[in-house]
There are 2 protein chains.
Amino acid sequence: MPKIVNHEERKALIAKATWNVIARDGLGGASVRSIAKEANLSLGAVRHYFNTQEELLEFAMQLVEEQATDRIMEHAKESLPPKTITLNMLMELIPPENRVVEMQVWLEYISYKLRKKELKEDSVHQGIVLIMNRLNDAGLLKAEVNLEEEIIHLHALIDGIALHLLMGFVTIGRDRIRALIERELDRIFT
Amino acid sequence: MPKIVNHEERKALIAKATWNVIARDGLGGASVRSIAKEANLSLGAVRHYFNTQEELLEFAMQLVEEQATDRIMEHAKESLPPKTITLNMLMELIPPENRVVEMQVWLEYISYKLRKKELKEDSVHQGIVLIMNRLNDAGLLKAEVNLEEEIIHLHALIDGIALHLLMGFVTIGRDRIRALIERELDRIFT
DNA sequence: TTTTATTTAATACGTTTGTATTAAAATAAT
DNA sequence: ATTATTTTAATACAAACGTATTAAATAAAA
């Protein structure tokens, strides 16, 4: 009987407005009012979908991680050589121009979770662990590799490059980053 | 004629209180009042040393970068094999337990500078660039290495590991991290 | 001891904040 | 057309905020 509004869509819309505010003003500047304004909604409208500010912020930030995990995991379904798939998955963590905002939100999310000491699970990292274990079980990795260390090595390298890309330290393009990561994969693939 | 107070020392004391507040409550939670309370000073006292909140926060965050750069550059003076010096310098970026707060502040500083788009210079990165160039000029690196790429590679790897250490992804100890980095150095040293 | 510049403390003001409340508007079913 | 229920809008309020102002306390120099 009411005006029908797709709740999920509307929440996602508010979440994306939240991303913009966080990228522009930081997590501390992400007030319910400023988010409502960014989303072209009233204060009460936003409050209707999220009961508290914390709920809204956590939803918005979590969405970044979820979407990233989904994007990464999509690659696993493709029918390509295992090394190419792995490379594509890792490269998904290097944000192109139009996903810099998401990475900025991710950075704030890291700090936030660190402060709240709720840093146990990270679906992106767990996804990488899963894939690497599959590769190893399938006998695609050299016998002498220390899997635990290589997972740490690879994920740290790709995240470090992504971070330094944002910070302006990385002067090389995506193609050369890709080649750099491929060299690392060559080191451990049979 | 006045009560003599070492300005620099007092400012550093306030800055360190600021670190604790930022690590606990985030940059957005770092109000002048909460910092004064953390430093056991009055609101007016803090305001006496810093005219605005922004000035205080920037001073405190900048101090982290300065101290880190100083620590790194100290290693350059030691009389040890070049590879060992380089390794020691890079390992300085892996925060031990008692410097986790500084790294948390550094994380917030990154976000802050990104937002303000004042991300041009970073003394830590510039220090690493300097040292690597020196090594290369001294003929200590293999002729075929692409210096630009290796600098990006090394710094990204060490910063990625540091970040993932904070996030709880890194399950190996400092010694094994050190060995991992040393393997990378072996790849480029003659 | 008196003087004097520095340091601290106390208080106040105008904004912005999160959240609550309440009523109005909108629309699908009857 | 009426009804029922969801969605939106408007307003209010206490708390926390940055900053300014003013007076008090402090301690080295005279």
Side-chain angles (χ1 to χ4, degrees), chain A residues 1-62 105 108-109 111-112 115-116 118, chain B residues 1-62 105 108-109 111-112 115-116 118:
Chain A
M1 310 148 182
K3 174 180 178 183
I4 209 94
V5 169
N6 187 327
H7 265 243
E8 292 306 309
E9 253 178 38
R10 182 57 67 94
K11 286 183 81 171
L13 183 142
I14 296 174
K16 282 168 192 183
T18 305
W19 294 351
N20 291 333
V21 175
I22 290 176
R24 190 197 327 119
D25 305 323
L27 195 52
S31 69
V32 181
R33 278 177 173 82
S34 64
I35 292 167
K37 193 172 189 179
E38 176 78 26
N40 276 317
L41 291 172
S42 73
L43 193 58
V46 172
R47 214 200 170 284
H48 181 256
Y49 292 95
F50 298 97
N51 285 315
T52 68
Q53 181 191 32
E54 194 181 16
E55 189 186 319
L56 164 54
L57 295 178
E58 286 194 352
F59 178 88
M61 292 189 293
Q62 193 123 27
V105 174
E108 297 271 2
Y109 193 29
S111 295
Y112 178 80
R115 286 200 300 274
K116 302 207 89 174
E118 291 170 357
Chain B
M1 311 149 187
K3 175 178 175 183
I4 208 93
V5 169
N6 186 327
H7 265 242
E8 292 306 308
E9 254 178 37
R10 182 56 67 93
K11 285 182 82 171
L13 183 143
I14 296 173
K16 281 167 191 182
T18 305
W19 293 353
N20 291 332
V21 175
I22 291 177
R24 191 198 326 119
D25 306 322
L27 194 52
S31 68
V32 181
R33 278 178 173 82
S34 65
I35 291 166
K37 192 171 189 178
E38 176 77 26
N40 276 317
L41 291 172
S42 74
L43 194 58
V46 172
R47 216 202 168 278
H48 181 257
Y49 291 96
F50 298 96
N51 284 316
T52 68
Q53 182 191 32
E54 196 182 14
E55 189 186 321
L56 164 55
L57 295 178
E58 286 195 352
F59 179 89
M61 292 190 293
Q62 192 123 26
V105 174
E108 298 270 1
Y109 192 29
S111 295
Y112 178 80
R115 286 199 299 275
K116 302 207 88 177
E118 292 170 355

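By convention in this document, chain letters (A, B, ...) are assigned in the order of the sequence lines, proteins followed by strands, and residues within each chain are numbered from 1.
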**OP:** Run through B:Y49, B:W19, B:F50 and flag the one making a ring pair (Phe, Tyr, Trp, His ring centres under 6.0 Å) with B:F59.
**Re:** B:F50
**OP:** Would you please confirm or rule out a distance under 4.0 Å between OP1 or OP2 of D:dA16 and any side-chain N or O of B:S31?
**Re:** no
Nearest whole Å is fine: how far is [N] [atom2] from [X] [atom1]?
X	N	atom1	atom2	value
A:L27	C:dT17	CG	P	14 Å
A:F50	D:dT8	CZ	C1'	16 Å
A:K37	C:dT17	NZ	P	10 Å
A:R10	C:dA26	CZ	C1'	13 Å
A:R47	C:dT22	CZ	C1'	13 Å
B:I14	C:dT8	CD1	P	8 Å
A:H48	D:dT5	NE2	C1'	10 Å
B:Q53	C:dT16	CD	P	15 Å

Original post:
Crowded around A:K37 NZ? As in, over 12 foreign heavy atoms under 6.0 Å?
Top reply: no
Subject >> side chain to side chain contact (heavy atoms under 4.5 Å, CB included) between B:H48 and B:L41, worked out >> reply: CA-CA 11 Å; B:H48 181 257; B:L41 291 172; over 6 Å; no
Original post:
Can you check whether B:L57 reaches B:I35 side chain to side chain, under 4.5 Å on heavy atoms?
Top reply: yes
What nitrogen or oxygen pairs link the protein and nucleotides 9-15 of chain C at under 3.5 Å?
| residue | atom | partner | partner atom | Å |
| --- | --- | --- | --- | --- |
| C:dA9 | OP2 | B:S42 | OG | 3.2 |

Original post:
Would you say A:Q53's side chain and A:A30's backbone share a donor-acceptor pair under 3.5 angstrom?
Top reply: yes
**OP:** To the nearest 0.5 Å, tell me how far A:K16 NZ sits from A:T18 OG1.
**Re:** 11.5 Å
